[in-house]
Number of protein chains: 2
Amino acid sequence: MADFNQIRRSEHLPARIAAQIGKEISEGRIAPGEKLPTEHLLSKTFGVSRSVVREAIAQMRNEGLVETRQGVGAFATDTQHRHSIRIEQDNLADRGSFRSLFQLRLPLEIEAAGLAAVHHTADDLAKLDETLGRMSGADKWTDEGIVADLAFHRQVAAATQNEYFLMFLGFVAERIHLAINAARETAVLEEIVEITIAEHVAIRDAIATGDPVKARDAMRRHLIGAADRVDLKVDVF
Amino acid sequence: MADFNQIRRSEHLPARIAAQIGKEISEGRIAPGEKLPTEHLLSKTFGVSRSVVREAIAQMRNEGLVETRQGVGAFATDTQHRHSIRIEQDNLADRGSFRSLFQLRLPLEIEAAGLAAVHHTADDLAKLDETLGRMSGADKWTDEGIVADLAFHRQVAAATQNEYFLMFLGFVAERIHLAINAARETAVLEEIVEITIAEHVAIRDAIATGDPVKARDAMRRHLIGAADRVDLKVDVF
DNA sequence: GCTTGTAGGGTTGTCTGATAACCTTATATG
DNA sequence: CATATAAGGTTATCAGACAACCCTACAAGC
């Protein structure tokens with residue numbers, strides 16, 4: 001079978017325009033507080049209709065990049081005041097970016113394990129065991145196994161009883177998994193599923209004991225191992 | 001004086017509709033993978049034009065809540081696959097939520113301090129000193145002082161040379177500062193500016209030595225102190 | 001029977017033009 | 001000098017149309 005790639009229809013006109021205007025802002029060509037060109041003018045310069053420009057501006061407004069005032073115009077806001085966090089998946093194809101995100105994940109996961117050890121409920125432990133079962137059940141490192149792996153880490157985050165740990169860790173872990181998925185060498189991965197399961201069990205047991213230090217150590221070891229398996233060097237103190 | 005309420009043109013029609021549809025999804029009335037009504041139908045049921053419905057759907061698409069396929073329709077996606085992170089500022093008025101977010105901030109800031117100690121450049125140190133100067137310069141805990149405080153923490157994050165630490169910490173710290181601002185007791189805050197400055201200096205010096213353990217300790221002490229000053233109990237291991 | 005071509009209807013994407021709501025500024029008015 | 005009014009520009013919303021695209025069903029050919 002041929003591989004049939006790049007059919008991508010250069011998706012979504014408004015998104016591309018939003019990205020372009022956003023670049024103008026983040027690279028300082030439009031200073032914070034400064035007024036953007038009018039929608040009418042933008043539609044002419046980009047050669048698209050006003051609807052598209054409006055949708056692009058709406059997107060930036062949702063992200064907090066610009067503010068609009070009816071009858072006045074659209075104004076660039078500071079990058080520092082973003083209302084949301086977003087990561088373009090393409091960026092993670094770059095190994096440096098990927099490493100940076102993994103480095104960010106480290107303290108979050110470790111802290112989450114510690115908090116989970118202290119705050120978990122019986123129900124949390126049951127759900128953890130359930131995801132472990134699903135992972136062992138998948139006899140190969142198939143998609144199902146990867147999904148179960150993600151579910152395990154999500155469940156640890158949920159066990160902290162802290163909504164934001166779940167929100168942030170779920171977000172970061174998902175991005176990392178997608179990036180690994182995009183570039184994976186299945187051959188390598190099949191060998192290491194056993195190790196991963198063993199480490200997951202160790203984390204689960206540590207959480208069950210209620211000792212945050214042990215839980216953190218188990219999670220730290222797991223992540224360092226995981227980083228090692230994809231040839232990633234991370235800073236650990 | 002009258003009470004001047006509902007003048008708010010209940011701002012932004014598309015946002016309200018997006019919220020309403022979003023609620024339908026998050027409360028399960030529209031299952032993941034299920035198709036939304038057509039734009040034409042939605043515009044009729046809500047009594048607005050299709051442009052507004054389109055903008056609402058575009059917003060949800062940006063957040064990863066729905067996916068659209070031309071010629072087919074819009075489909076609800078799982079909450080777990082969000083493309084962006086967003087926190088409603090109102091949620092942080094709740095003390096529990098505020099505490100949760102602060103708890104999330106802890107490991108990020110501490111890790112950032114450690115990484116900054118290892119990876120900072122001379123330029124980073126200079127910028128750190130500059131923000132420290134601005135904070136001392138403001139003789140009261142005015143807005144300027146708060147801005148400088150935020151800038152200091154942002155600069156530490158920047159010194160990690162890790163774009164994602166800057167992105168996430170900037171986001172979280174900003175949300176926390178806004179929440180504190182919304183509910184602050186100025187009287188209390190004026191007394192503690194001196195302490196904060198001293199702690200900032202300690203962090204800066206620790207980073208300058210290049211010792212990650214010292215930098216982490218300094219940041220940990222600072223945050224625990226800060227939490228204490230707003231009567232917040234956090235978990236520390 | 002199976003594949004391929006074609007037509008049709010439905011949906012989202014984009015365009016165009018118009019009207020309403022709103023803000024700013026300048027000018028007139030007392 | 002303060003207020004009212006008018007004018008012009010900008011965003012918000014509306015309405016209708018066409019283009020691009022997907023899916024299904026049915027016909028045609030092998």
Side-chain angles (χ1 to χ4, degrees), chain A residues 1-2 4-22 24-25 30-31 33-77 83, chain B residues 4 6-22 24-25 30-77 83:
Chain A
M1 264 291 193
F4 292 125
N5 280 355
Q6 60 262 31
I7 12 124
R8 277 234 152 297
R9 246 200 171 315
S10 65
E11 51 182 309
H12 229 212
L13 206 44
R16 278 190 295 168
I17 290 184
Q20 190 147 345
I21 299 177
E24 295 282 316
I25 294 177
I30 299 178
E34 195 174 334
K35 187 171 161 304
L36 269 62
T38 69
E39 296 178 352
H40 196 70
L41 191 60
L42 283 174
S43 76
K44 261 197 294 189
T45 59
F46 282 111
V48 298
S49 83
R50 217 186 118 208
S51 323
V52 174
V53 171
R54 275 192 62 72
E55 198 168 314
I57 290 181
Q59 176 177 336
M60 291 191 292
R61 183 179 44 224
N62 289 337
E63 295 172 17
L65 253 163
V66 303
E67 284 176 7
T68 61
R69 280 160 49 202
Q70 184 174 175
V72 184
F75 299 84
T77 60
H83 292 167
Chain B
F4 291 125
Q6 57 259 42
I7 16 128
R8 274 237 149 295
R9 210 163 178 11
S10 56
E11 48 183 309
H12 230 210
L13 209 43
R16 275 192 299 167
I17 290 183
Q20 189 147 344
I21 299 178
E24 296 282 316
I25 294 177
I30 300 178
E34 197 174 334
K35 187 172 161 303
L36 269 63
T38 69
E39 296 179 352
H40 194 69
L41 189 61
L42 283 174
S43 77
K44 260 198 293 190
T45 59
F46 282 112
V48 299
S49 82
R50 214 185 120 204
S51 321
V52 174
V53 171
R54 275 192 62 71
E55 197 168 315
I57 290 180
Q59 176 176 337
M60 292 192 291
R61 183 178 47 223
N62 290 340
E63 295 172 17
L65 254 164
V66 303
E67 285 177 5
T68 60
R69 281 158 50 200
Q70 183 174 176
V72 184
F75 299 84
T77 61
H83 293 167

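Note on naming: letters A, B, ... go to the chains in the order of the sequence lines (proteins, then strands), and numbering restarts at 1 for each one.
Rounded to whole Å, atom C1' of D:dC14 lies 17 Å from atom CZ of B:F46. Taking atom CD of A:E55 as the reference point, atom P of C:dG13 lies 8 Å away to the nearest angstrom. The distance between atom CG of B:L13 and atom P of C:dA21, rounded to the nearest whole Å, is 13 Å. Atom CD in A:E67 sits about 15 Å away from atom C1' in D:dT11, given to the nearest Å. Whole-Å rounding puts the B:E39 CD to D:dC14 C1' distance at 15 Å. Atoms CD (A:Q70) and P (D:dG9) sit 17 Å apart, rounded to a whole Å. Atoms CG (B:L42) and C1' (C:dT12) sit 12 Å apart, rounded to a whole Å. Atoms NE2 (B:H40) and C1' (D:dC18) sit 15 Å apart, rounded to a whole Å.
Here the shortest heavy-atom pairing between A:F75 and A:L36 reads C-CD1, 4.2 Å. Across every non-hydrogen atom of A:A18 and A:M60, the tightest pair is O-SD, 3.7 Å.
Nearest-nucleotide assignment on DNA chain D puts the 5′-proximal partner with A:K35, out of B:V72 and A:K35. Each of A:G71 and A:P14 was matched to the nucleotide of DNA chain C holding its nearest heavy atom; the match closer to the 5' end belongs to A:P14. Comparing B:I57 and A:G47, the nucleotide of DNA chain C nearest to each residue sits closer to the 5' end for B:I57.
In the set C:dC15, C:dT12, D:dT13, the nucleotide with an atom closest to the side chain of B:S49 is D:dT13.
Judged purely by atom type and a 3.5 angstrom limit, A:T77 uses its side chain to pair as donor or acceptor with the backbone of A:G64.
Using a 4.0 Å heavy-atom distance criterion, A:R69 is classed as a sugar-phosphate-only contact. Within 4.0 Å (heavy atoms only), B:S51 reaches at least one base atom of the nucleic acid.
Between B:R54 and C:dG13, a side-chain N or O to OP1/OP2 separation shorter than 4.0 Å is present. Phosphate contact (OP1/OP2 of D:dG16, side-chain N/O of B:R50, threshold under 4.0 Å): absent.
Separating the CZ atom in B:R54 from the OG atom in B:S43 is a distance of 12.0 Å, to the nearest 0.5 Å. The distance from the CD atom of A:E55 to the CG atom of A:L13 is 9.0 Å, given to the nearest 0.5 Å.
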